[in-house]
Amino acid sequence: MSLMPLDPVSTLMLEEAGPLPDRVLVLDDPEGDLVAAVADAGVQVRAWNDDVRDEAQVPVDARLTGPFTGWSPDLVLWRLPRALSALEDYAQTLANDLPAHARVIAGARIKHMTPGQNAVLRRSFAEVSASLGRQKARVLRASGPLPTAPRWPQRRYVPELGVTAVAHGSVFATNRLDPGTHLLLRTLARATAETGDAQQRPRGAAIDLGCGSGLIATWLASHGWSTTAIDVSRYALLSTQLTARAQNAEVALRRADGLVGVPHDSVDLIVSNPPFHRGAAKDSTPTFAMIAAAKAALHPGGELWLVFNSHLPYLPALRAQVGPTTVEAQDRSFIVTRTLKEPTR
Ligand SMILES: C[S@@+](CC[C@H](N)C(=O)[O-])C[C@H]1O[C@@H](n2cnc3c(N)ncnc32)[C@H](O)[C@@H]1O
């Protein structure tokens with residue numbers, strides 16, 4: 001493994017860990033640099049990443065591809081998630097599975113940390129303490145796992161859609177209906193009804209791109225589409241599977257970065273509430289990449305439907321890179337666009 005200079009969070013985590021024990025689990029290491037540093041110390045290391053792009057940074061033989069509970073470590077080095085629901089989900093899973101002697105060192109940039117994180121960790125570990133800050137980073141140390149009945153994944157009936165959403169704690173909006181997604185599905189339902197074809201009948205192949213808890217995928221599958229749900233996140237796909245099952249809907253799952261690997265001219269409809277950040281940082285790059293790839297994936301005559309925050313600059317890219325685009329709905333925050341890949345003459 002090539003050794004990259006460590007960022008301040010990884011550096012502090014390693015310092016706080018002290019001499020490394022035999023078996024170290026690294027959870028959600030975005031650059032793979034922490035895994036490389038631990039391997040370099042000559043101890044056994046395994047890495048588990050929710051995001052397939054992060055997983056790609058880790059050598060194959062160090063990857064845990066099942067649940068992260070599949071390997072029993074002495075020490076866990078963990079990039080602290082920002083959302084308390086994600087923290088609780090991971091912490092409970094760890095506490096239910098770790099050997100009693102195992103320690104957890106969880107680090108983040110101080111600006112992304114809150115006192116609420118300590119409180120959540122205390123419900124899953126007997127001892128929790130915070131390090132001093134260093135170079136804008138801090139770690140929380142946890143030991144003495146306290147097994148409990150896991151609170152995640154959680155179910156919620158979503159009356160606006162008449163479905164039950166099931167989600168893990170790290171998934172976008174967890175099991176709630178995002179207002180943008182709601183506007184998108186209302187608009188799609190109206191457009192479908194306008195064709196005079198409101199009855200359920202087999203339609204073509206559809207993709208929910210960036211499926212999160214799977215509400216869009218489940219809606220598509222329940223309206224006759226042969227549906228594939230794509231997300232970079234393991235927990236998103238697990239949640240989508242649970243949401244689809246709760247409705248007896250059939251949804252194929254694909255863990256991938258955008259439309260990578262989707263055959264050309266193979267899809268009739270792509271629907272997405274696309275990502276607007278990666279980790280804590282705002283980032284439109286993945287959405288621009290999705291737009292750039294959509295034309296190739298769509299059949300001629302196929303459509304791409306997006307919902308996004310009105311201030312985001314996707315309209316020109318949709319028109320230039322996919323085809324004629326109309327604004328189908330707009331409210332104070334969101335815009336819903338419909339883009340046609342023109343049929344070949
Ligand atoms: C705004 S959320 C929408 C989630 C869900 N569709 C909804 O409407 O509630 C965007 C989703 O895209 C996923 N995502 C981010 N980058 C991605 C990428 N490059 N390829 C596929 N999915 C991605 C995220 O994990 C997240 O689940």
Side-chain angles (χ1 to χ4, degrees), residues 28 30 49-57 81-83 85-86 89 153-154 156 158 160-161 163-189 206-221 225 227-244 249 251-262 267 269-294 297 304-310 312 314 333-337:
D28 284 336
N49 286 286
D50 182 59
D51 189 316
V52 71
R53 295 165 296 182
D54 299 337
E55 188 174 280
Q57 307 297 321
R82 224 170 150 182
S85 54
D89 195 347
Q154 283 183 23
R156 172 190 297 268
V158 179
E160 297 91 330
L161 302 179
V163 301
T164 298
V166 192
H168 277 277
S170 54
V171 171
F172 171 79
T174 63
N175 53 14
R176 293 168 193 275
L177 175 61
D178 174 66
T181 303
H182 189 199
L183 182 65
L184 173 65
L185 289 179
R186 275 200 321 265
T187 312
L188 198 56
I207 286 178
D208 172 3
L209 188 50
C211 58
S213 68
L215 284 172
I216 295 174
T218 301
W219 188 93
L220 290 167
W225 294 93
T227 305
T228 302
I230 298 179
D231 208 291
V232 283
S233 153
R234 278 179 198 286
Y235 272 131
L237 292 173
L238 283 170
S239 305
T240 291
Q241 187 174 43
L242 294 169
T243 298
V251 172
L253 305 172
R254 185 181 175 97
R255 184 164 171 249
D257 181 356
L259 292 163
V260 169
V262 172
V267 188
L269 177 66
I270 300 173
V271 184
S272 184
N273 178 350
F276 46 87
H277 60 81
R278 180 165 181 185
K282 288 205 168 113
D283 186 2
S284 298
T285 322
T287 302
F288 281 117
M290 288 173 179
I291 292 172
L304 167 65
W305 283 68
L306 293 186
V307 64
F308 50 90
N309 239 288
S310 309
L312 291 168
Y314 300 141
S333 313
F334 300 103
I335 175 173
V336 175
T337 57

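In listed order, ligands and their atoms are each counted from 1.
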- Could you find the nearest protein heavy atom to atom 19 (N) of ligand 1 and give me its residue, atom name and distance? Asp257 OD1, 2.8 Å

- What residue and atom, counting heavy atoms only, is the protein's closest point to atom 1 (C) of ligand 1, and at what distance? Asn273 O, 3.4 Å

- Value for OG1 (Thr227) from CG (Leu253), rounded to nearest 0.5 Å, stands at 11.0 Å

- Distance from atom 5 (C) of ligand 1 to nearest protein heavy atom, with residue and atom: Cys211 O, 3.3 Å

- Message: Using 0.5 Å steps for rounding, measure from the CG atom of Leu215 to the CG atom of Leu177.
- Response: 6.0 Å

- Query: Are any of the N or O atoms of Ile230 closer than 3.5 Å to those of ligand 1?
  - Reply: no

- Query: What residue and atom, counting heavy atoms only, is the protein's closest point to atom 25 (O) of ligand 1, and at what distance?
  - Reply: Asp231 OD1, 2.7 Å

- Without swapping roles, check the side chain of Ser239 against the backbone of Ser213 for a donor-acceptor pair under 3.5 Å. no

- Query: In terms of atom number and element, which parts of ligand 1 are under 4.0 angstrom from non-hydrogen atoms of Ala256?
  - Reply: 20 (N), 21 (C)

- of all protein heavy atoms, closest to atom 16 (N) of ligand 1 is Pro275 CG, 3.4 Å

- Go through ligand 1 atom by atom and flag the ones less than 4.0 Å from a non-hydrogen atom of Gly258. 18 (C), 19 (N), 20 (N), 21 (C)

- Item | Rounded distance [0.5 Å steps], CZ in Phe308 versus CD1 in Ile335 | 4.5 Å

- Task: Show your reasoning for whether salt bridge (Lys or Arg N to Asp or Glu O under 4.0 Å) applies to Glu55 and Arg234.
- Result: CA-CA 11 Å; Glu55 188 174 280; Arg234 278 179 198 286; 2.5 Å; yes

- Test of proximity, Ser213 against ligand 1: N or O pairs below 3.5 Å: no

- Does any N or O in the side chain of Ser170 come within less than 3.5 Å of the main-chain N or O of Ala86, such that one atom is a donor and the other an acceptor? no

- Note on the structure: Closest to atom 6 (N) of ligand 1 (heavy atoms only, candidates Gly210, Gly212, Ser233) is Gly210

- Does the Asp178 side chain pair with the main chain of Thr181, one donor and one acceptor, at a distance under 3.5 Å? yes

- Query: Any N/O of Thr181 closer than 3.5 Å to an N/O of ligand 1?
  - Reply: yes

- Proximity flag Ser272 to ligand 1, non-hydrogen atoms under 4.0 Å: no

- Item | Closest protein heavy atom to atom 9 (O) of ligand 1, given as residue, atom name and distance to 0.1 Å | Phe172 CD2, 3.4 Å

- Location of contacts on Ala289 toward ligand 1, heavy atoms closer than 4.0 Å: neither

- Which of the ligand 1 atoms, numbered from 1, are nearer than 4.0 Å to a heavy atom of Pro274: 1 (C)

- Is ligand 1 less than 4.0 angstrom away from at least one heavy atom of Val232? yes

- Item | Test applied, side-chain hydrogen bond (donor to acceptor under 3.5 Å, both in side chains); reference residue, Ser233; option that passes from Asp50, Asn49, Thr240 | Asp50

- Here the gap from Ile291 atom CD1 to Leu304 atom CG, rounded to the nearest 0.5 Å, amounts to 7.0 Å

- Task: Measure up the Tyr235 and His168 rings against each other and bin them: parallel (under 30°), tilted (30 to 60°), perpendicular (over 60°).
- Result: tilted

